[in-house]
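Note sheet for the following structure.
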Amino acid sequence: MTPSQRYYHITTFGCQMNRADSERMAGILEDMGFIWSDNPNDADLILYNTCTIRDSAEQKVYSYLGRQAKRKHQNPDLILVVAGCVAQQEGQKILRRVPELDLIMGPQHANRLGDLLQQVSDGSQIIATEPIHIVEDITKPRRESTITAWVNIIYGCNERCTYCVVPNVRGTEQSRTSEEILKEMKILGKRGYKEVTLLGQNIDAYGRDLPGVLKTGRRRHTLTDLLYTVHDVSGVERIRFATSHPRYFTERLIVACKELSKVCEHFHIPFQSGDNEILKAMKRGYTQEKYRRIIAKIRDYMPDASISADAIVGFPGETEQQFKNTLKLVSDIGFDQLNTAAYSPRPGTPAALWVNQLSEDIKNDRLQRLNYLVEQKAAERSQRYLGRIEKILVEEKNPKDKSQVMGRTQGNRLTFFKGDINQLKGQIVDVKITEVRAFSLTGNLAYK
Ligand code: SAH
Ligand code: SF4
Ligand code: F3S
């Protein structure tokens with residue numbers, strides 16, 4: 001290590017949006033001459049890209065920060081940055097707990113990291129949390145994978161689900177233009193990326209802030225139209241998108257997924273609760289019947305489609321019977337995967353102020369019961385793969401067994417099989433599935 005070299009480390013918490021933002025911020029740092037260091041303790045700049053979706057996520061950040069703040073006392077040149085959703089939510093308040101910070105920056109400021117660091121080096125402590133229009137980024141992201149990539153298509157969220165901090169911390173919806181998205185995907189295709197996941201907190205809202213209405217009254221820019229626009233990018237062989245909102249999900253989108261061969265038959269559509277009263281209290285804008293109709297429609301067109309979702313248990317006032325309605329929905333639909341969470345009251349959200357909060361014991365008990373069912377159902381769903389030949393996009397070595405590689409099916413099941421990563425990385429190969437588990441599969445390369 002020569003003294004002129006400067007090292008950085010980024011720790012990322014939270015969702016895919018944060019991971020995509022971290023990749024862009026890493027790109028900016030590398031443009032400035034910083035070099036990645038695996039070990040945060042060797043870094044001259046440490047950035048925590050934070051999540052505040054639940055209290056536990058937020059507390060984790062403070063414990064990490066505390067450790068690095070101590071290190072700054074020995075090394076005053078260490079630059080400490082808090083980015084992401086906790087930064088946006090807490091802003092200046094973080095300084096009360098960690099006065100050592102150099103920069104606090106909300107997610108909308110990710111592309112401005114270079115400018116903000118310049119201000120830090122001029123000697124100021126900077127807080128960048130005011131709402132701004134996100135400027136297109138010209139920096140090359142430093143992507144974690146060389147095979148799969150995320151592409152943001154819409155930032156922010158205009159919904160007001162009563163439990164959720166995202167609209168407070170990510171701001172109002174801002175769609176990227178289809179030209180910019182197409183340009184980014186073409187570059188990815190040329191660089192050898194095989195899979196792109198289009199990202200948005202409410203991806204069905206894509207385009208509603210862009211101008212243009214067709215003669216039919218339909219918006220010119222929708223997720224469905226975007227899929228047709230980007231489908232033929234050469235090199236990219238798989239396209240996914242997340243997260244879908246049941247309120248805005250359309251049959252036109254289902255038809256497009258069926259028609260467009262590169263779009264994976266995998267749908268991530270959070271339902272949050274299987275009870276209509278709770279859905280209303282959450283302000284989700286649909287009923288459980290509507291949700292069931294969406295899934296039935298998807299399965300009419302694509303009987304094998306994978307379905308995943310998110311659900312919350314222990315929302316304020318949720319009765320045992322209402323919770324059982326969630327269990328029933330999960331049991332009836334049979335999800336391939338379900339992200340579950342116990343409700344966590346968040347500052348600045350309406351539901352946090354309600355008096356009918358449930359005890360941690362009830363929430364945890366329901367979470368465990370739901371998780372048990374989820375695993376059973378996922379294991380049942382995995383059964384359909386047994387003996388089948390699946391197309392697997394190979395991503396990496398299996399870290400737990402070096403003789404194996406791992407990748408995913410079209411439906412997003414993690415799959416392991418014997419093989420040499422040097423030969424197989426980035427290829428889509430036929431694998432015969434010989435073993436199935438709830439959330440992963442094992443197989444053998446199928447030779448033709
Ligand atoms: N935009 C997505 C979800 C984004 S947040 C959607 O509308 O579905 C990811 C998930 O975190 C949510 O789907 C929800 O299940 C969970 N979540 C959000 N706020 C929460 C809270 N206060 N307590 C527990 N889980 C929460
Ligand atoms: Fe949160 Fe609702 Fe927006 Fe999803 S749609 S990010 S749950 S407010
Ligand atoms: Fe967390 Fe922010 Fe994502 S709160 S879930 S990192 S949008």
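Positions are given from 1 along the sequence. Note that ligands are numbered from 1 as they come in the structure, with each ligand's atoms numbered from 1 the same way.
Assignment of Met17 to the shell around ligand 3 is not supported, since no heavy atom sits closer than 4.0 Å. Using a non-hydrogen distance threshold of 4.0 Å, Cys157 does not register as a contact of ligand 1. A heavy-atom separation below 4.0 Å is not found between Arg170 and ligand 2. Using a non-hydrogen distance threshold of 4.0 Å, Gln16 does not register as a contact of ligand 1.
Near Arg346, meaning under 4.0 Å from any of its heavy atoms, are these atoms of ligand 1: 22 (N). Close contacts between ligand 2 and Cys161 involve ligand atoms 2 (Fe), 5 (S), 7 (S), 8 (S) [criterion: under 4.0 Å to a heavy atom]. Counting atoms of ligand 2 from 1 in the listed order, those under 4.0 Å from a heavy atom of His245 are 5 (S). Close contacts of ligand 2 with Tyr163, meaning ligand atoms under 4.0 Å from a residue heavy atom, involve 7 (S). Each of the following atoms of ligand 1 lies closer than 4.0 Å to a heavy atom of Gln272: 8 (O), 12 (C), 13 (O), 14 (C), 15 (O). Close contacts of ligand 1 with Ile312, meaning ligand atoms under 4.0 Å from a residue heavy atom, involve 14 (C), 15 (O), 17 (N), 25 (N), 26 (C). Under a 4.0 Å criterion applied to the non-hydrogen atoms of Pro167, ligand 2 contributes the atoms 8 (S). Close contacts between ligand 3 and Cys51 involve ligand atoms 1 (Fe), 4 (S), 5 (S), 6 (S) [criterion: under 4.0 Å to a heavy atom]. If you number the atoms of ligand 3 from 1 as listed, the ones under 4.0 Å from a heavy atom of Gln201 come out as 7 (S). Within ligand 3, counting atoms from 1 as listed, the ones closer than 4.0 Å to a heavy atom of Asn18 are 6 (S).
In terms of protein heavy-atom proximity, atom 2 (Fe) of ligand 3 is nearest to Cys85 SG, 2.3 Å. If you check which protein heavy atom lies closest to atom 4 (S) of ligand 3, you get Thr52 N, 3.3 Å. Taking atom 16 (C) of ligand 1 as the reference point, the nearest protein heavy-atom neighbour is Arg54 NH1, 3.6 Å. In terms of protein heavy-atom proximity, atom 1 (N) of ligand 1 is nearest to Gln201 O, 2.6 Å. Of the protein's non-hydrogen atoms, Ala342 O, 3.4 Å is the one closest to atom 24 (C) of ligand 1. Of all protein heavy atoms, the one lying nearest to atom 19 (N) of ligand 1 is Tyr163 CD1, 3.3 Å. What sits closest to atom 10 (C) of ligand 1 on the protein, heavy atoms only, is Asp310 OD2, 3.4 Å.
Atom 3 (Fe) of ligand 2 has an N, O or S atom of Cys157 closer than 2.8 Å. At least one N/O/S atom of Cys164, whether from backbone or side chain, sits less than 2.8 Å from atom 1 (Fe) of ligand 2.
When heavy-atom distances to ligand 1 are checked against a 4.0 Å cut-off, Arg284 comes that close only through its side chain, counted from C-beta outward. Residue Pro270 does not touch ligand 2, judged by heavy-atom distances below 4.0 Å. With a 4.0 Å heavy-atom cut-off, ligand 1 is reached by the backbone of Ser344 and by its side chain too. Proximity of Asn202 to ligand 2, defined as any heavy-atom pair under 4.0 Å, is not found for any part of the residue. Here Ile53 has heavy atoms under 4.0 Å from ligand 1 in both its backbone and its side chain. When heavy-atom distances to ligand 1 are checked against a 4.0 Å cut-off, Cys161 has no atom that comes that close, whether in backbone or side chain. Contacts between Cys15 and ligand 3 below 4.0 angstrom, taking non-hydrogen atoms only, involve backbone and side chain alike.
Both tests hold for Arg97 against Tyr62: distance to the six-membered ring centre under 6.0 Å, angle to the ring axis within 45°. The side-chain tip of Arg369 does not point at the ring of Phe323 from less than 6.0 angstrom away and within 45° of straight on.
The aromatic rings of Tyr64 and Tyr48 lie perpendicular to each other, with more than 60° between the two planes, well past the 30° mark. A tilted orientation is assigned to the rings of Phe335 and Tyr291, their planes being inclined by 30° to 60°.
Looking at Lys258 and Asp300, no side-chain N of the basic residue comes within less than 4.0 Å of a carboxylate O on the acidic one, giving no salt bridge. Salt bridge present: Asp336 and Arg381 bring a charged side-chain N and a carboxylate O closer than 4.0 Å. Between Glu30 and Arg142 there is a salt bridge, since a side-chain N of the basic residue sits under 4.0 Å from a carboxylate O of the acidic one.
With hydrogens and angles ignored, the 3.5 Å screen pairs a side-chain donor or acceptor of Asn49 with a backbone N or O of Asn18.
If you check the side chains of Thr222 and Arg219, you find no donor sitting under 3.5 Å from an acceptor. Between the side chains of Asn168 and Arg160, at least one donor N or O lies within less than 3.5 Å of an accepting N or O.
Side chains of Met282 and Ser273 form a contact here, defined as non-hydrogen atoms less than 4.5 Å apart. Contact annotation: the side chain of Glu58 approaches that of Arg346 to within less than 4.5 Å [non-hydrogen atoms, C-beta and beyond]. Residues Ile307 and Ile269 have side chains not in contact (no heavy-atom distance under 4.5 Å, counting atoms from C-beta outward). Residues Ile154 and Leu223 fail the side-chain proximity criterion, which asks for heavy atoms closer than 4.5 Å.
If you look at Tyr8 and Trp36, their ring centroids are closer than 6.0 Å.
In terms of polar-atom proximity, Asn202 is not counted as a contact of ligand 1, lacking any N or O under 3.5 Å from an N or O of the ligand.
Atoms CZ and NE2, on Arg208 and His221 in that order, are 15.5 Å from each other to the nearest 0.5 Å. One distance of note links CD1 of Ile104 with CG of Leu116; it measures 12.0 Å at 0.5 Å rounding. Here the straight-line distance linking atom CD1 of Ile239 with atom NZ of Lys194 works out to 14.0 Å at 0.5 Å rounding.
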